[in-house]
**Student:** 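Just dropping this structure here.
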Amino acid sequence: MSGKRASWSGSLAFVLAAAASAIGLGNLWRFPYLAAQYGGGMFIAIYLALVVTLGFTLMVTEIAVGRKTQQSPLTAYALIQRRWGFVGLLGTLIPLFITPYYCVIGGWVLYYLKAYACMAFTGVNIMGEAAANSGEVFGALISAPFAPFGYGMLFILACAAVIVLGVKNGIEKSNLVMMPILFLMALGLAVYVVTIPGTFDGIKYYLIPNLDCVSTPDGRFSLALLAKTVLGATGQMFYSLSLAMGIMITYGSYMKKTDSIERCVRRIEVFDTLIAFIAGLMIIPVVYLFAVKTGTPVKEAMNAGPGLMFVTLPKVFAMFGAAGAWIGLAFFLLVLFAAATSAISLYEACVSSLCDFLKLERKTATTFMATLIMFLSSFSALGYGAWGHIKLFGMQFLDFFDFFTNSVMMPIVAIATCVFIGWFTGPRLVIEECEAEGAKFRVKRFYSFMVKYLAPLLLTALLVSEVCRALGIKGWSI
Ligand code: PHE
């Protein structure tokens, strides 16, 4: 990249951008599910403890590496120690693998947004009454010959339009529009949900701690179950804070030396967790109500991922009659913004790496990346339809990329980063960066302990549990 490195206009812009990346589909479609299935308030407490310890350590490390080197992941590690450059390469492949399939999911969201907008403004249900209630819409959408590809392309181009405008004019400004709307929509929907008569039981179900997640069916405490819950929460926290995806290194490299890393990280954590918590309030009580009304067991009705977002929730919205169209519209707008801001951060990690490595102009790098992402996303877009017969290790493309990045590559990169900083450069490298320009870093000893011992240990356990789950070895993960 020619000229001086881009930078955020201030610490708030940085916090907003990092929070915008962190707040994504994980907050909306996985956190509520995990909390509902695994102990309600108990899960939330474990999750919070992990955010302020492990999450804090990893995020501080990545941001400090980015800001110290003024580089994106591809070149940052090698600049500190040449031998460790391979971690940077791995860390760059992760966003390159995730962005294409994340954009395909963004495309699905676009379709649902269009459907609810039509329903709200014209009264026409393009999904078809019967299909909307049975969940067939989703199956038809993802296996259609062209639609998933077309909507995915649209989503990629929209993100590219933001990236090409640069850090201040593109990412920062788009966040200033999308994030407040996202927050207001989430808050509005949650307030609406908790005031619906009959949702109180669902709220209790979500918030009251129960010991299900740590006890056997006959009520005895089980250490193995506690370990599984902690690992489940670790995986969620890790993904939700956008760690080990190269994003925090990239965004950290645009941060000013005068801003306190410690304070910014605390704020990002608060934003991300708050939205996850609000998402739970917005989703669990209505799904609970729906389960009661339809006579479905709550644990069965409360699913995660695309099944929750594109199948269960549309059925729940249909329960509200005419108001359902507006609720669906508000909900999918919120989902779209959450997905778009996360996709933009991933995309930026790729573009920035390319700029730093090949000294390309932003425009050239963005165009090249858009082409590459479009090409790669076609596998995920068509993987449930036209190319449904092609499987990678028994998985469809999208599922394979999702599994391989989240469960294998990300823990490996995070472990390698901790070992590198904890044992090779020494935690001092990060601590000094956090104390640049006289800023305070109050938890030096805690940080050193975490990065050297506890973080690699927990992350290794996470990696083992995820791989065991994929191999069908039961009993290791939730
Ligand atoms: N933190 C994001 C989430 O919760 C994860 C993510 C970030 C995924 C960026 C893709 C891109 O959904």
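Just follow the structure's listing: the first ligand is 1, and inside any ligand the first atom is 1. Reckoned from all heavy atoms, side chains included, excluding hydrogens, waters and symmetry mates.
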**Student:** Does any N or O atom in Tyr239 lie less than 3.5 angstrom from one in ligand 1, N or O only?
**Tutor:** yes
**Student:** Could you check atom 6 (C) of ligand 1 against the protein and tell me its nearest heavy-atom contact, residue, atom and distance included?
**Tutor:** Met245 CE, 3.7 Å
**Student:** CD1 of Ile249 to CG of Leu243: how many Å apart, nearest 0.5 Å?
**Tutor:** 10.5 Å
**Student:** Between Phe97 and Phe404 (judged by ring centroids, cut-off 6.0 Å), do the two rings come close enough to count as a pair?
**Tutor:** no
**Student:** Think Arg266 forms a cation-pi with Phe56, using NZ or CZ under 6.0 Å from the six-ring centre and within 45 degrees of its axis?
**Tutor:** yes
**Student:** Going by the atom numbers of ligand 1, which of them fall below 4.0 Å from some non-hydrogen atom of Asn27?
**Tutor:** 4 (O)
**Student:** Number the atoms of ligand 1 from 1 as they appear, then name those within less than 4.0 Å of a heavy atom of Leu25, with their elements.
**Tutor:** 3 (C), 12 (O)
**Student:** Do Asp356 and Arg5 meet the salt-bridge criterion of a basic N to acidic O distance under 4.0 Å?
**Tutor:** yes
**Student:** Going by the order shown, which atoms of ligand 1 are within less than 4.0 Å of some heavy atom of Leu346?
**Tutor:** 9 (C), 10 (C), 11 (C)
**Student:** Determine whether Phe277 and Met282 make a side-chain contact, defined as any pair of heavy atoms from C-beta on separated by less than 4.5 Å.
**Tutor:** no
**Student:** Side chains of Ser21 and Ser342: is there a donor and an acceptor less than 3.5 Å apart?
**Tutor:** no
**Student:** If you measure every N or O of Ala22 against every N or O of ligand 1, does any of those distances drop under 3.5 Å?
**Tutor:** yes
**Student:** Name the closest protein heavy atom to atom 7 (C) of ligand 1, giving the residue it belongs to and the distance to 0.1 Å.
**Tutor:** Ser242 OG, 3.4 Å
**Student:** Are any of the N/O atoms on Gly26, whether in the backbone or the side chain, positioned under 3.5 angstrom from an N/O atom of ligand 1?
**Tutor:** yes
**Student:** Going by the order shown, which atoms of ligand 1 are within less than 4.0 Å of some heavy atom of Ser21?
**Tutor:** 1 (N), 2 (C), 7 (C)
**Student:** Is there a heavy atom in Ile247 that sits closer than 4.0 Å to ligand 1?
**Tutor:** yes
**Student:** Working to the nearest 0.5 angstrom, can you tell me the gap between Ile98 CD1 and Ile247 CD1?
**Tutor:** 7.0 Å
**Student:** With only distance considered, is Ser345 within less than 3.5 Å of ligand 1 through an N or O on each side?
**Tutor:** no
**Student:** Side-chain donor-acceptor pair under 3.5 Å between Thr417 and Glu62, yes or no?
**Tutor:** no
